[in-house]
Amino acid sequence: MSGRTGAARYALRAASLTTALVAWQLLTSLDVDLWLRFSQFPTVADVARAFGERLGGDDYWTDLTDSLTRILTGFLLAAVLGIATGVAVARSRLAEDLLGPLLEVVRPIPAIALVPVAILLFPSNEQGIVFITCAAAFFPVMVSTRHAVRALTPVWEEAVRTMGGGRGRILATVVLPGALPGIFGGLSVGIGVSWICVISAEMISGQYGVGYRTWQDYTVVDYPGVFVGMVTIGILGWLTSTAVELLGRRLTRWLPRTSYVPGTRARTRTPGRAAPAGPAPTAVRPEEARDEHLV
């Protein structure tokens, strides 16, 4: 991607966000009521003013710290448990028979529905919120890891066995590196789901936190404060998901990358080498595309 193309894309993204803010300001300041009641909304200026006031207080930073602590603790636990369980279920028939039915029964239950369970199980609200956050991220990570491990080519494992490698070496040199793209796909989804559930749990049973403060603002009809909470949640979610994606790219930088331009065929590039001249590689087979969607 050339510098001009990159600058144009960033300018387009900035213009998109600016247009949305201008439309919000106009619709709310003019009290437009065309089925949707924009007259009930605070203006962008009201939200910005409230945001500035919150930034100058201690409560905002306390809420921010509490929510980040909860999300990072629950997400890291879910990442470790989800990857370990996904690998075990994909590699072991015994683990699949023992854990598979239980996981498939529990997986459709929304994590936020576990709030009563968390209240009954844990002695403090803090531990219960971390548990809900962990449960929310666990299943996306586990399912993505399971599919990624099962999609690995058996030839790689056979090659390591031929050279005398045991199970530990196969796990370290074939299974985990080969499944990394799928694992980080699950982690990216999991961090977003974790934010949804941690905010909901804070609204229901939290003490401090962005979700708790947003709900308190709603109960006292402080709508600019509600939107400050929503903007904060959006920024935090974007930053954490971006961090997960950047970490995934760094750990999988040895993989060939695909340059995609709409209207053209994808070209695969090896890191550190220019794309070779000539016809584009053969398109991905439908079954391979289906496997990628599963991951």
Side-chain angles (χ1 to χ4, degrees), residues 13-14 16-29 38-79 111-112 114-115 118-119 122-137 187-188 190-247:
R13 295 178 183 184
S16 174
L17 182 59
T18 302
T19 302
L21 292 175
V22 170
W24 177 5
Q25 178 67 27
L26 290 176
L27 290 170
T28 53
S29 61
F38 291 101
S39 60
Q40 305 296 319
F41 268 46
T43 64
V44 176
D46 293 334
V47 176
R49 191 179 307 111
F51 212 127
E53 294 173 356
R54 293 289 176 89
L55 291 176
D58 294 334
D59 287 344
Y60 180 83
W61 300 106
T62 301
D63 294 334
L64 205 66
T65 302
D66 287 347
S67 291
L68 282 173
T69 301
R70 291 163 177 166
I71 195 77
L72 292 178
T73 304
F75 178 71
L76 290 176
L77 285 173
I112 197 61
L114 299 176
V115 169
I119 293 174
F122 296 96
S124 70
N125 289 340
E126 193 72 22
Q127 295 170 349
I129 293 174
V130 171
F131 165 74
I132 293 168
T133 307
C134 177
L187 291 173
S188 182
I191 190 68
V193 177
S194 292
W195 273 112
I196 295 172
C197 290
V198 75
I199 296 299
S200 301
E202 287 176 348
M203 288 182 174
I204 296 173
S205 61
Q207 293 178 348
Y208 296 104
V210 178
Y212 170 81
R213 192 67 56 187
T214 302
W215 182 253
Q216 292 299 309
D217 289 332
Y218 173 75
T219 58
V220 299
V221 199
D222 182 6
Y223 293 129
V226 172
F227 277 82
V228 168
M230 293 170 60
V231 171
T232 302
I233 295 165
I235 293 174
L236 291 175
W238 172 65
L239 290 176
T240 50
S241 62
T242 300
V244 170
E245 292 180 4
L246 290 177
L247 178 62

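Keep in mind it's a predicted model, so treat the numbers as computed, not measured.
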Handout entry: Residues Tyr208, Thr65; criterion side-chain hydrogen bond (donor to acceptor under 3.5 Å, both in side chains); working and verdict
Key = CA-CA 9 Å; Tyr208 296 104; Thr65 302; over 6 Å; no
Handout entry: Full working for side chain to side chain contact (heavy atoms under 4.5 Å, CB included) between Cys197 and Thr133
Key = CA-CA 6 Å; Cys197 290; Thr133 307; 5.6 Å; no
Check ring pair (Phe, Tyr, Trp, His ring centres under 6.0 Å) between [X] and all other residues, then give those that pass, not counting sequence neighbours.
X: Phe131; answer: Phe122
X: Phe41; answer: Phe227
X: Tyr223; answer: none

For the side chain of [X] and the backbone of [Y], is there at least one donor-acceptor N/O pair under 3.5 Å apart?
X: Thr73; Y: Arg70; result: no
X: Trp215; Y: Ile204; result: no
X: Trp195; Y: Ser241; result: no
X: Glu245; Y: Ser188; result: no
X: Ser67; Y: Val210; result: yes

Write down the atom of [X], the atom of [Y], and the distance for their closest heavy-atom approach.
X: Gly209; Y: Asp63; value: N-OD1, 3.1 Å
X: Phe75; Y: Gly190; value: CE1-C, 4.1 Å
X: Ala50; Y: Pro224; value: CB-CB, 3.9 Å
X: Val228; Y: Phe51; value: CG2-N, 3.6 Å

Practice task
For Ser194, check side-chain hydrogen bond (donor to acceptor under 3.5 Å, both in side chains) against everything at least two apart and list the hits.
Solution key: none
Handout entry: By side-chain contact (heavy atoms from CB on, under 4.5 Å) - contacts of Cys134 (at least two apart)
Key =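 Here the qualifying residues are Leu77, Ala78, Leu81.
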Handout entry: Qualifying side-chain hydrogen bond (donor to acceptor under 3.5 Å, both in side chains) pairs with a residue from residues 46-58, counting only residues at least two apart or across chains
Key =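 Sorted pair list: Thr43-Asp46, Asp46-Arg49, Arg54-Asp217, Arg54-Asp222.
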Handout entry: From Ile132 atom CD1 to Ile196 atom CD1, the distance as rounded to the nearest 0.5 Å
Key = 14.0 Å
Under 4.5 Å between any side-chain heavy atoms of [X] and [Y], yes or no?
X: Tyr212; Y: Ile199; value: no
X: Thr232; Y: Leu236; value: yes
X: Met230; Y: Val226; value: yes
X: Val47; Y: Pro42; value: yes
X: Val44; Y: Thr28; value: no

Problem - Glu202 bridged to Arg213 by N-O distance under 4.0 Å - result: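 Looking at Glu202 and Arg213, the cut-off is not met.
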